[in-house]
There are 2 protein chains.
Amino acid sequence: MHHFFVQSTDINDGIVIIRGDDVTHITRSLRLDIDDEISVSDGEGQKYLTKLIEFSKDFVKAKIIKEFEVQAEPRVKVTLVQGLPKGKKMDMIVQKCTEIGMEDIIPIDTKRTIVNLNEKKAKQRQERWQKIVEEAAKQSKRGKIPSVRELSDLNQVITDFDRYDLVLVPWEDEESRGLKETLSSNLDAQKIMIIIGPEGGFSSKEVEQLKTAGAKSVTLGPRILRTETAGIATLSMVLYELGDLG
Amino acid sequence: MHHFFVQSTDINDGIVIIRGDDVTHITRSLRLDIDDEISVSDGEGQKYLTKLIEFSKDFVKAKIIKEFEVQAEPRVKVTLVQGLPKGKKMDMIVQKCTEIGMEDIIPIDTKRTIVNLNEKKAKQRQERWQKIVEEAAKQSKRGKIPSVRELSDLNQVITDFDRYDLVLVPWEDEESRGLKETLSSNLDAQKIMIIIGPEGGFSSKEVEQLKTAGAKSVTLGPRILRTETAGIATLSMVLYELGDLG
């Protein structure tokens, strides 16, 4: 069955209104008809089985037949903080991490970040990544659309630490503490932040700053993962250990 | 320190000979000099600390100072069998899975595989993927270069099942058995095969065939992962649970 996201304000009295590009998609590409069934999410965790009841140029109306219990969202909410990587790597990171189950993502500028985005460009990228996230959320049948936050930096991110039960910094120079033992001793964590450095990694000073603020540096094992692999792999492991993945 | 792979036949009596593109890389790009130290792997698990002792147009000679105990290889050997995906997705899969720690990868043609490679093209792709794997092995500091096997199919792959302790088939229609419970009851597995379908997934008939031959179908959780995400995520989880990742 085809799945669509709508604004929660477009769901009223058992009727759902679908707008925008999805209208052409439903009528032209999928050639759906009156009485055909689609599933609809409000992007905040509610999902409905609906039946198409009215077509117009600007919208499609559907009637709610049943409310699903949404199970496609992990119990643990993971925020990925990603040192801005070069090229199109961020496109891949936001797409894959949406499928795997991240809650939201914050791109950050760090000492060794090479990419330089002015305010306008940063805004454009944020919109582009949000669009990729929406597509991926639809395809992976998530009940919720993860948010792409605006470009930030470590100082800003640190001010948010107290809203998390656990802040993890995978770091190649960390030799003693593993991710696994850290997760095992934080089995009741509900909100987790994962902070990944850019291509050149974090400087020792940055890691010190993060640790002083309460983050735990962890090793991911003996192999060095690229920046765009580290987030995907760490998110997979965190949601495997504490969430609903696998 | 810079790291290079050489043929094991190029290591004799404490002397290592480095040939090919690496010669220009060492002399021109990195501008290394006599007495500079590099690390060298034989691609089969041995790693050495060496000192450069001789430069020529065609080779660089280095003297072994110390043999490292290689710890960059997981205890569990994982073979990824990947339904051939479209476009450049396979490039990304082989690169990421090399960093994460796969042992080897077998691309396969399946019922729903769209890509059609003739023998010549399949050979070219195999060489190209092997090259990507080598680069990734070097960058992630692995002790071993994973192999890209030639294009195969399910019938062929099934004949290899008896060489594995556990064969996993992540499948979106599997509703009861999770990856986690399956791994938990196979903690002593040494050789594991992960079989991932192409974009359209496996047909029910193919999954039946695999299960009859001894494979275990598992769910990865409530979200649907794309083919290029499924292998990366499953490998991460398997090496997290049974190997040295995290």
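Values below: all heavy atoms of this structure, side chains included; hydrogens, waters and symmetry mates excluded. Below, chains carry the letters A, B, ... as their sequence lines are ordered, and counting in each starts from 1.
The stretch residues 125-139 of chain A places A:Ala136, A:Gln139 near chain B, each with some heavy atom under 4.5 Å from a heavy atom of that chain. Within residues 232-240 of chain A, the residues that have a heavy atom under 4.5 Å from a heavy atom of chain B are A:Ile232, A:Ala233, A:Ser236, A:Met237, A:Leu239, A:Tyr240, listed by number.
The number of heavy atoms from other shown groups lying within 6.0 Å of CD (A:Gln7) does not exceed 12. Crowding of A:Arg28 atom CZ: a count of heavy atoms from other residues, nucleotides or ligands under 6.0 Å not exceeding 12. The local environment of CG in A:Asp21 is sparse, with at most 12 non-hydrogen atoms from other residues, nucleotides or ligands closer than 6.0 Å. Within a 6.0 Å sphere centred on CZ of B:Arg31, other residues, nucleotides and ligands contribute 12 heavy atoms or fewer.
A 4.5 Å side-chain heavy-atom check between A:Leu225 and B:Ser140 finds every atom pair outside the cut-off. Side chains of A:Lys141 and B:Glu172 form no contact here, defined as non-hydrogen atoms less than 4.5 Å apart.
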| request: For the pair A:Glu99 and B:Arg223, evaluate side-chain contact (heavy atoms from CB on, under 4.5 Å) and give the outcome as yes or no after the intermediate values. | output: CA-CA 7 Å; A:Glu99 296 169 51; B:Arg223 291 173 295 287; over 6 Å; no
| task | Let me see the working for A:Lys96 and B:Met92 under side-chain contact (heavy atoms from CB on, under 4.5 Å), right down to the final yes or no. | result | CA-CA 12 Å; A:Lys96 301 297 157 230; B:Met92 199 261 274; 3.8 Å; yes
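Both the backbone and the side chain of B:Glu241 come within contact range of chain A, each with at least one heavy atom under 4.5 Å from a heavy atom of that chain.
Options A:Gly221, A:Gly246, A:Gly243 differ in how many heavy-atom pairs under 4.5 Å they form with chain B, and the most are formed by A:Gly246.
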